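Structure, as structure tokens:
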Amino acid sequence: MEGELALMGKYIGAGLAAIGLGGAGIGVGNIAGNFLAGALRNPSAAPSQTANFFVGIAFAEALGIFSFLIALLLMFAV
């Protein structure tokens with residue numbers, strides 16, 4: 001019984017950690033949408049903001065990858 005409870009807790013924790021993947025998807029969509037809206041309003045300023053766009057996407061994806069790593073660690077290493 002105790003082993004089953006620990007296994008259930010491990011799966012629940014991994015599922016909660018995987019919620020961060022959805023947050024990363026929402027974050028990347030938000031960043032891309034706002035960049036596109038700004039680029040359509042002022043096309044001459046878009047090239048100067050492209051580096052900021054990619055840095056924002058990289059940070060959002062990094063958080064998603066970290067949450068995926070935590071979920072994998074909870075599933076297989078704990």
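Everything quoted here is computed from the prediction, not taken from an experiment.
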(request) Kindly give the heavy-atom pair with the smallest separation between A60 and G27, and that separation in Å. (result) CB-C, 4.4 Å
(message) For the CG atom of L73 and the CG atom of L69, what is their distance to the nearest 0.5 Å?
(response) 4.5 Å
(request) Could you tell me whether F53 atom CZ has more than 12 heavy atoms of other residues or ligands within 6.0 Å of it? (result) yes
(message) According to a hydrophobic-cluster definition based on side-chain heavy atoms being under 4.5 Å apart (Ile, Leu, Val, Met, Phe, Trp, Tyr only), do L72 and L7 belong together?
(response) yes
(request) State, to 0.1 Å, how close S67 and A17 come at their nearest heavy-atom pair, and which atoms those are. (result) CB-O, 3.3 Å
(request) Consider only side-chain heavy atoms of I, L, V, M, F, W and Y, link residues closer than 4.5 Å, and tell whether Y11 and L21 are in one cluster. (result) yes
Identify each donor-acceptor pair in which a side-chain atom of residues 33-43 lies under 3.5 Å from a protein atom, sequence neighbours left out, and give them as a table.
| from | atom 1 | to | atom 2 | distance (Å) |
| --- | --- | --- | --- | --- |
| N34 | ND2 | N30 | O | 3.3 |
| N34 | ND2 | N30 | OD1 | 3.0 |
| N42 | OD1 | S44 | OG | 2.9 |

(message) Can you give me the closest heavy-atom contact between K10 and M75, atom names plus distance?
(response) NZ-O, 3.4 Å
(message) Assigning hydrophobic clusters by single linkage (Ile, Leu, Val, Met, Phe, Trp, Tyr; side-chain heavy-atom cutoff under 4.5 Å), is I31 placed with F54?
(response) yes
(request) Say whether F66 and I19 are linked into one hydrophobic cluster, either directly or through other cluster members, by side-chain heavy-atom distances under 4.5 angstrom. (result) no
